[in-house]
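Note sheet for the following structure.
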Amino acid sequence: MGGYENGESTAAAALADGGVILGVDGGTTNTVCVCLPAAMTPPESPATVPVLARAVAGCSNRNSVGENAALETLEQVMTQALALANTDRSAVRAVCLAVSGVNHPSDQLRMLEWIRDLFPDNAKNYVENDAVAALASGTMGKLHGCVLIAGTGCIAYGVTEDGKVARAAGAGPVLGDWGSGYGIAAQALTAVIKAYDGRGPQTRLTRDILEKLDLSSPDEIIGWTYADPSWARIAALVPVVVSSAEDGDEVANKILHDSVQELADTVIAVVQRLRLCGEDGKDMFPLVLVGGVLEGNKKWDISGEVIKCISKVFPGTDPIWPEVEPAIGAALLAWSHHHKGLKLENGS
């Protein structure tokens with residue numbers, strides 16, 4: 001996850017050598033900020049990224065918690081990271097906020113206007129969707145290829161070497177991110193209610209979900225769901241669905257198979273639009289995989305099944321599981337912009 005360093009001497013050296021860089025990965029489940037020295041040399045490997053500090057806070061997706069709460073969380077996590085690095089806002093040279101829910105240039109503009117008041121006038125500020133940081137975490141800061149994020153929500157985001165971009169999904173559960181953790185869990189809850197009503201087949205999910213939630217009857221699921229319908233709370237039931245599928249439940253297996261196809265179709269749409277696979281569809285391209293839904297399981301390997309589906313269409317798919325977290329990807333992007341600016345100032 002990068003080489004974490006602490007201590008006043010490290011922070012003092014960072015300040016003396018030109019300040020710090022902040023990278024933020026803002027998601028629906030949590031928000032992570034890392035602090036890097038601005039004067040660092042290009043890291044040779046993920047393990048050599050010199051992280052001065054790391055801080056974690058709650059949800060910063062404005063579509064989930066509202067804009068004011070999201071901005072409060074972002075400010076909190078950046079302030080905490082700077083404090084842990086024994087420095088303050090005056091030392092910040094560049095910031096990259098990569099936040100879920102940033103889906104339109106107007107979203108970026110509002111957030112850029114907000115962040116300008118937090119840091120020195122000469123600090124470089126960048127706002128992106130969290131998919132950009134996830135991609136950079138797998139390519140060590142190089143923006144080329146496609147990333148698939150499948151956590152609480154899901155999105156595929158691609159960038160060509162000449163800067164063209166495309167995305168698919170990422171519109172939230174109301175608009176059909178059914179390959180996401182929320183989508184999987186919501187379908188499982190629906191299956192339990194249908195089975196209870198007699199509108200669907202009986203399923204092991206009923207017993208497993210009731211046990212997980214400490215409920216005694218399926219009709220209690222309705223009250224549990226609407227007491228707090230936050231996306232992350234619902235998505236937390238994904239391991240139960242996977243476990244039921246691994247135990248042979250047909251309903252749970254169908255939910256996962258359908259979700260695999262949804263995720264594969266999301267990537268395929270982006271790759272086709274950007275022609276990342278070349279004219280003949282066989283060129284290699286990096287596919288970065290990020291998010292709890294794509295983590296390995298005992299029997300039900302969701303990421304492996306997604307890759308199989310995509311590779312049938314694009315045999316050049318090169319899957320990458322990042323060795324650093326997306327917040328470091330965001331920080332590396334900010335550092336790269338800052339480093340290029342210094343070269344231009346020096347006439348390089």
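All residue numbers in this chain count up from 1 along the given sequence.
Asp318 places no side-chain N or O within donor-acceptor distance of the main-chain N or O of Met284, the cut-off being under 3.5 Å. Between the Asp249 side chain and the Ala245 main chain, no donor and acceptor come within less than 3.5 Å of each other. No donor-acceptor pair under 3.5 Å is formed between the side chain of Thr206 and the backbone N or O of Gln202. Side chain of Asn129 to main chain of Ser100: no donor-acceptor pair is present (N/O by atom type, distance under 3.5 Å, no hydrogens or angles). Distance alone, capped at 3.5 Å, is enough to place a donor-acceptor pair between the Thr160 side chain and the Lys164 backbone. Of the possible donor and acceptor atoms, one in the side chain of Asp88 sits under 3.5 Å from a partner among the backbone N and O of Ser90. At distances below 3.5 Å, not a single donor-acceptor pair connects side-chain atoms of Ser336 with backbone N or O atoms of Leu332. At least one donor-acceptor pair under 3.5 Å links the side chain of Asp301 to the backbone N or O of Gly304. Side chain of Arg273 to main chain of Arg167: a donor-acceptor pair is present (N/O by atom type, distance under 3.5 Å, no hydrogens or angles).
By the 6.0 Å contact criterion, CD on Glu67 is enclosed, its count of non-hydrogen atoms from other residues, nucleotides or ligands being greater than 12. Sparse packing is recorded around CG of Asp121, with 12 or fewer heavy atoms of other residues, nucleotides or ligands lying under 6.0 Å away.
Of the residues His338, His339, His337, the one that meets the ring pair (Phe, Tyr, Trp, His ring centres under 6.0 Å) test with Trp335 is His339.
Taken from CG in Leu189 to CG in Leu205, the straight-line distance is 9.0 Å, to the nearest 0.5 Å. With rounding to the nearest 0.5 angstrom, the OG1 atom of Thr79 is 7.5 Å from the CG atom of Leu118. Atom CD of residue Glu262 and atom SG of residue Cys154 lie 7.5 Å apart, to the nearest 0.5 angstrom. With rounding to the nearest 0.5 Å, the separation of OG1 in Thr266 from CD1 in Ile149 is 12.0 Å.
Cation-pi geometry between Arg233 and Trp224 is met: under 6.0 angstrom from the ring centre, within 45 degrees of the axis.
Side-chain contact, Asn61 with Trp231: no donor N or O sits under 3.5 Å from an acceptor N or O. In summary, the side chains of Thr31 and Thr73 do not present any donor paired with an acceptor at a separation below 3.5 Å, with no hydrogens or angles considered.
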